[in-house]
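Starting from 1, each residue takes its place in the sequence as its number.
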Amino acid sequence: QAQLVESGGGLVQAGGSLRLSCAASGRTFTVYTMAWFCQAPGKEREFVAAIRSSGSTPYYADSAKGRFTISRDNAKNTVYLQMNSLKPEDTAVYYCAARRAYGIWVNGYEYNYWGQGTQVTVSS
């Protein structure tokens, strides 16, 4: 089983940047597809980005394209989400998710493991 711990959230002004990290336990991190989701108050959880175990061809939600970058360091069992040009509407709890398979999935129910979340607040 994978255990995921997010960090890096915080308060930032609009236009600023944050880098989220998700550290995974276990020795099989390299076989997991990793993803980021977010959930704003009163809204459903939304897909943000995903990256295959190989790190090739990340996939982004339209809202994240051009502003966010997902990456992973398999040697450190860590996946990152670099968020630039942040907007107030990006305010949400951001969750890291993992699925032990190779591919890209955009629905939360398709992921087996979740972190506890980290709060991102963007002020206007």
Where do [X] and [Y] come nearest, in terms of heavy atoms and distance?
X: Arg72; Y: Ile51; result: NH1-O, 3.6 Å
X: Cys38; Y: Ala92; result: CB-CB, 3.8 Å
X: Pro88; Y: Ser124; result: CG-CB, 3.8 Å
X: Gln119; Y: Val93; result: OE1-CG2, 3.2 Å
X: Tyr111; Y: Asn107; result: CD1-O, 3.4 Å
X: Val12; Y: Leu86; result: CG1-CD1, 3.6 Å

Distance check, rounded to the nearest 0.5 Å: [X] atom [atom1] versus [Y] atom [atom2]?
X: Arg19; Y: Thr69; atom1: CZ; atom2: OG1; result: 11.5 Å
X: Ser7; Y: Tyr94; atom1: OG; atom2: OH; result: 15.0 Å
X: Asp90; Y: Thr121; atom1: CG; atom2: OG1; result: 11.0 Å
X: Tyr102; Y: Ser56; atom1: OH; atom2: OG; result: 3.5 Å
X: Gln3; Y: Asn77; atom1: CD; atom2: CG; result: 12.5 Å

Hey, quick one: are [X] and [Y] part of the same hydrophobic cluster, counting side-chain heavy atoms closer than 4.5 Å, chains of contacts allowed?
X: Leu18; Y: Ile70; value: yes
X: Leu81; Y: Val120; value: yes
X: Phe47; Y: Tyr60; value: no
X: Tyr59; Y: Tyr95; value: yes

Ring geometry between Tyr32 and Tyr113 (parallel below 30°, tilted from 30 to 60°, perpendicular above 60°): perpendicular
So does [Y] get a backbone contact from the side chain of [X], meaning a donor-acceptor N/O pair under 3.5 Å?
X: Thr33; Y: Ala101; value: yes
X: Glu6; Y: Cys96; value: yes
X: Arg52; Y: Thr57; value: yes

Candidate list Trp105, Trp114, Tyr109, test ring-ring contact (aromatic ring centres under 6.0 Å, His included), partner Phe37, passing option: Trp114
For residues [X] and [Y], determine if any side-chain heavy atom of one lies less than 4.5 Å from a side-chain heavy atom of the other.
X: Trp36; Y: Val79; result: yes
X: Met83; Y: Arg67; result: no
X: Thr30; Y: Ser53; result: no
X: Lys87; Y: Val122; result: no

Within 6.0 angstrom of Glu89 CD, more than 12 heavy atoms from elsewhere: yes
Asp62 with Lys65: basic N within carboxylate O range, under 4.0 Å: yes
